[in-house]
Protein chains: 2
Amino acid sequence: MRSRILESAKSLFAEDGFQNVSIRKIADKIEYSPATIYLYFKDKDAILFALHNEGFRTLFSRQGENMRIVDPAKRLRALLEGYLDFALDEPEYYDLMFMLFTPLPKILKTSEWRYGRRAFRALQTTIQECQNKGLLKNTSIEAASLGLWGAAHGIAALLLRQRASMLPEDELPALAREGLRMLESHLLPLAPIPSA
Amino acid sequence: MRSRILESAKSLFAEDGFQNVSIRKIADKIEYSPATIYLYFKDKDAILFALHNEGFRTLFSRQGENMRIVDPAKRLRALLEGYLDFALDEPEYYDLMFMLFTPLPKILKTSEWRYGRRAFRALQTTIQECQNKGLLKNTSIEAASLGLWGAAHGIAALLLRQRASMLPEDELPALAREGLRMLESHLLPLAPIPSA
DNA sequence: TTACGACATTGAACACTGTTCAGAGGGTGT
DNA sequence: ACACCCTCTGAACAGTGTTCAATGTCGTAA
């Protein structure tokens with residue numbers, strides 16, 4: 001039952017966008033009463049949070065392969081590009097996980113919020129390894145991680161919120177990837193490190 | 001009257017966050033009936049759009065000084081940092097202008113959407129000048145502008161949506177600025193251009 | 001077979017939301 | 001006195017998230 005609710009919620013989100021999905025519509029789709037949903041989920045936010053977690057699981061499973069790359073610079077590039085690809089492939093999940101305001105405030109305090117910390121730690125250790133190799137110098141790891149994550153996130157967010165409408169729409173995904181790679185090529189050169 | 005509505009709407013947004021402001025609350029605050037608001041604004045979105053425009057005006061007035069910087073690399077850095085500062089200083093406006101889904105879909109098609117294009121063009125010509133000086137090579141201007149804008153936007157967006165809670169909260173603005181400057185220092189070196 | 005408790009389900013309501021519209025009220029000009 | 005315009009609003013409609021007493025449907029024990 002729980003999973004049936006989540007399934008139809010997810011498909012409705014994908015169809016009708018986000019704020020246009022009501023408890024009643026989910027209830028209609030699974031042919032139950034709206035009140036039934038509250039037997040399995042405390043809140044509407046609880047539904048969002050469940051999908052939120054599901055999204056993090058698929059993001060992790062996508063990035064698992066990339067985490068095996070030994071060269072930290074290549075790994076970092078792969079992680080950033082994998083992050084952007086995830087955002088473009090699963091816009092509903094991405095919205096939920098990183099752009100929506102609703103489900104988080106409570107989560108930040110109550111639940112331990114494992115996923116975010118785990119992903120962030122992975123990013124930070126990768127950056128640490130890059131710094132050990134002489135890359136990304138002169139910055140704290142905290143600022144570097146925020147900057148790199150923010151770069152990938154921002155490009156994705158502009159596309160998903162349709163703020164880049166001054167660029168041709170059908171080329172947007174390609175431009176987004178090119179833009180990210182351009183940042184990477186300046187920050188994480190694959191060629192031998194230029195003389196510092 | 002129009003301006004009284006906008007004023008109380010804006011102050012309520014700043015107090016109670018965004019989705020917690022209803023037409024009725026605005027009406028209560030100005031001591032009029034909810035129906036009165038519809039004499040001056042077609043929609044709730046129309047109110048958001050008006051504030052949206054106001055936000056762009058203040059962003060432009062802030063960036064006006066930066067546009068006078070002659071060195072394109074310095075100008076670009078100032079523009080990006082000014083953009084981030086605006087987001088941190090006026091989170092409600094920024095949310096409305098770049099992160100909210102609501103008011104835009106109609107605007108993109110009906111209204112000519114001058115502000116966005118104007119700001120984007122300014123960014124692009126600055127990047128063009130940078131490329132003429134040998135910076136930001138090997139990228140289309142479209143991708144470069146999307147990447148740089150996205151970087152600044154993403155850092156701001158992560159802070160405003162409280163996604164960077166694994167970093168100490170009181171240092172977040174400083175870390176955001178440091179992260180952005182770190183990106184800039186790799187992309188737009190102020191020192192003479194390293195040998196290509 | 002009957003009685004009981006545990007469980008799943010729901011209709012109806014509450015307080016809220018954005019929005020519309022017929023009508024009330026006041027002011028001015030004829 | 002009448003007509004006109006303008007500003008404003010009460011009341012309603014359809015929708016939202018959420019709650020709760022009440023209903024039905026089981027399996028088990030007497």
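It should be emphasised that the depicted structure is a prediction, and the values quoted were computed from it without experimental measurement. Chain A is the first sequence line, chain B the second, and so forth, proteins listed ahead of strands; every chain is numbered from 1.
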For [X] and [N], give me the distance from atom [atom1] to atom [atom2], rounded to whole Å.
| X | N | atom1 | atom2 | result |
| --- | --- | --- | --- | --- |
| A/Leu39 | C/dT10 | CG | C1' | 9 Å |
| A/Asn20 | C/dG18 | CG | P | 15 Å |
| B/Asp45 | C/dT19 | CG | C1' | 13 Å |
| A/Ile47 | D/dG17 | CD1 | P | 9 Å |
| B/Lys42 | C/dT20 | NZ | P | 8 Å |
| A/Ile5 | C/dT9 | CD1 | C1' | 12 Å |
| A/Ile37 | D/dT19 | CD1 | P | 13 Å |
| B/Asp28 | D/dT9 | CG | C1' | 13 Å |

Between [options], which one does the side chain of [X] approach most closely?
| X | options | result |
| --- | --- | --- |
| B/Lys44 | C/dT19, C/dT10, C/dT9 | C/dT19 |
| A/Lys25 | D/dT16, D/dT9, C/dT17 | D/dT16 |
| B/Asp43 | D/dT18, C/dT19, D/dC20 | C/dT19 |
| B/Ser33 | C/dT19, C/dG18, D/dT9 | D/dT9 |

[X] side chain N/O closer than 4.0 Å to the phosphate oxygens (OP1, OP2) of [N]?
| X | N | result |
| --- | --- | --- |
| B/Tyr32 | D/dT9 | no |
| A/Thr36 | C/dT9 | no |
| A/Tyr38 | C/dA8 | no |

Checklist entry - Hey, does A/Tyr40 reach any base, or is it just sugar-phosphate, or nothing, if we go heavy atoms under 4.0 Å? => result sugar-phosphate
Checklist entry - Do B/Arg118 and B/Phe60 meet the cation-pi criteria used here (NZ or CZ under 6.0 Å from the six-membered ring centre, within 45° of the axis)? => result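 The answer is yes, since B/Arg118 meets both limits relative to B/Phe60.
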Original post:
Please walk me through it: do A/Ser11 and A/Lys29 pass side-chain hydrogen bond (donor to acceptor under 3.5 Å, both in side chains)?
Top reply: CA-CA 10 Å; A/Ser11 79; A/Lys29 182 143 189 170; 3.1 Å; yes
Problem set entry | Side-chain touch B/Asp43/B/Leu48, heavy atoms, less than 4.5 angstrom |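 In short, these two side chains do not touch, never coming nearer than 4.5 Å.
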Note to self: Tell me whether A/Asn138 at atom CG has more than 12 heavy atoms from other residues, nucleotides or ligands lying less than 6.0 Å away.
What the structure shows: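 No - once you tally the heavy atoms of other residues, nucleotides and ligands closer than 6.0 Å, there are 12 at most.
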TODO: Verify whether the ring centers belonging to B/Tyr40 and B/Tyr32 lie closer than 6.0 Å.
DONE: no
Decide yes or no, distance alone: a donor-acceptor N/O pair under 3.5 angstrom between the base of D/dG15 and the side-chain of A/Arg24.
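Checked by distance alone, the answer is no.
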